[in-house]
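Step one of this worksheet: look at the structure below.
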Amino acid sequence: MEYREGRCPKCREVMQIPVGRERIICMFCGQEFSPEEGREADEHAYETYLAQFEAHADAFFADVEKTVKGFQRNEYEGSYKQYLITHQENLRIIRSAMLAASDRQRAVDGISEVFLDKARAMMDVQKGKLGRESMQMTLNMYMVTYVLPAILSLDQGAFSDLTGEICRKWSQTFKNSKIQAADFNSLKDGFRRKLCYITTAVCEGLKKPSDCYELRVLKSYRDSYLSGKEQGEALIARYYDIAPTIVKRINKKKESREIYQKLYQTYISPCIRLIEEGENEACLKKYEEMVEMLRAEYM
């Protein structure tokens, strides 16, 4: 016999319902109902939860700039945990809406559109090109480091379609904003690599050892120079937003080794030479040049 997942319209418990049955008895509360009554109850529950989320979703974007400042090596874990506490009710509503929907894709579309509407509203009030660009960067960072990991925390496997749709619509709506979802642990672990993320990929692509000279020099540069600069952590955090995607896209190309060889000759090797010569600021500019080139080419 074939079964489908459904909910009792009375107690809302999830059940495996035999396909073709005209009447079903809930094993949890004993309520008898028809499949149509179950679907109607699901639809009503979904609409109720979606309306609740729409009414309160502004809270997700109330302190964007302040929240993003918590994305730093020694603060992110505590900042993220507090974020989950602050937004636990909205996250609960999102989860309930997704579970209640009889048409999952409709729920994915509806919830993702709410996030887009709120982000558009924030962009619309910005004045001038620089103001909009600054807010866009902040929103991108906020979505990647807080909103999307928080949604995945509900159940990474079950909610990856929602975060994927948010990312897809976000990229279509906002120019040069191809964000990608990652869970909290992946982002937290990324603090150990950051500036060296692309360099690691280059060295691995050229079959260099994991403790090669180039990586050791750049890690030392990161820890002894860049982390001590004003806003240094925020600067390399922005790189981490795009570096994993860039590396994945290069690795999918047949000519990836040739790409890594060119990156090494054009950027990595000159950066190492500049560090050896004490030209730390020049090294940073060279590395920024590489990242911007890769962003334009692969994002």
With sequence neighbours left out, what residues match E22 under side chain to side chain donor-acceptor pair (under 3.5 Å)? none
Which label fits Y76 and Y80: parallel for a plane angle under 30°, tilted from 30 to 60°, or perpendicular past 60°? tilted
With sequence neighbours excluded, tell me which residues meet salt bridge (charged side-chain N to carboxylate O under 4.0 Å, His left out) with R120. E113, D117
Check K286 with E279, please: is the shortest side-chain N to carboxylate O separation under 4.0 Å? no
List in chain and number order the residues that pass side chain to side chain contact (heavy atoms under 4.5 Å, CB included) with T86, two or more places apart in sequence or in another chain; answer none if no residue qualifies. Q82
Closest non-hydrogen atom pair between I111 and I94, with its separation: CD1-O, 4.1 Å
Between atom CD1 of I250 and atom CD of E297, what is the distance when rounded to the nearest 0.5 Å? 9.0 Å
Report, as yes or no, whether the 6.0 Å neighbourhood of atom CD on Q172 holds more than 12 heavy atoms from other residues, nucleotides or ligands. yes
Who passes side chain to side chain contact (heavy atoms under 4.5 Å, CB included) against K285, sequence neighbours left out? E281, E288
Applied to residues 254-277, the salt bridge (Lys or Arg N to Asp or Glu O under 4.0 Å) test, sequence neighbours excluded, yields R273-E277
State yes or no: do M27 and I24 share one hydrophobic cluster built from I, L, V, M, F, W and Y residues joined by side-chain heavy-atom distances below 4.5 Å, directly or via other members? yes
Determine which pairs satisfy salt bridge (Lys or Arg N to Asp or Glu O under 4.0 Å) with at least one residue from residues 134-149, sequence neighbours left out, and list them in order. none
Residue pairs involving residues 104-129 (criterion ring-ring contact (aromatic ring centres under 6.0 Å, His included); sequence neighbours excluded): F53-F115, F60-F115
Summary of salt bridge (Lys or Arg N to Asp or Glu O under 4.0 Å) pairs that have at least one residue in residues 85-97, sequence neighbours excluded: E89-R92
So if you build clusters from Ile, Leu, Val, Met, Phe, Trp, Tyr with side-chain heavy-atom gaps below 4.5 Å, do W170 and V144 land together? yes
Those residues that, when tested against K253, pass salt bridge (charged side-chain N to carboxylate O under 4.0 Å, His left out) (two or more places apart): none
S112 and side-chain hydrogen bond (donor to acceptor under 3.5 Å, both in side chains): which partner among K169, R168, E165? K169
For the residue pair R104 and Y46, establish whether any side-chain heavy-atom pair is separated by less than 4.5 Å. no
With I25, which residues qualify under side chain to side chain contact (heavy atoms under 4.5 Å, CB included), at least two apart? E32
Pairing residues for D58 by the side chain to side chain contact (heavy atoms under 4.5 Å, CB included) criterion, not counting sequence neighbours: K118
Taking the six-membered ring for Trp, are Y146 and F184 closer than 6.0 Å centroid to centroid? no
When you group the ILVMFWY residues by side-chain heavy-atom contacts below 4.5 Å and let the links chain together, are V68 and L139 in the same group? yes
Under the side chain to side chain donor-acceptor pair (under 3.5 Å) test, residues paired with D109 that sit two or more places apart: Q105
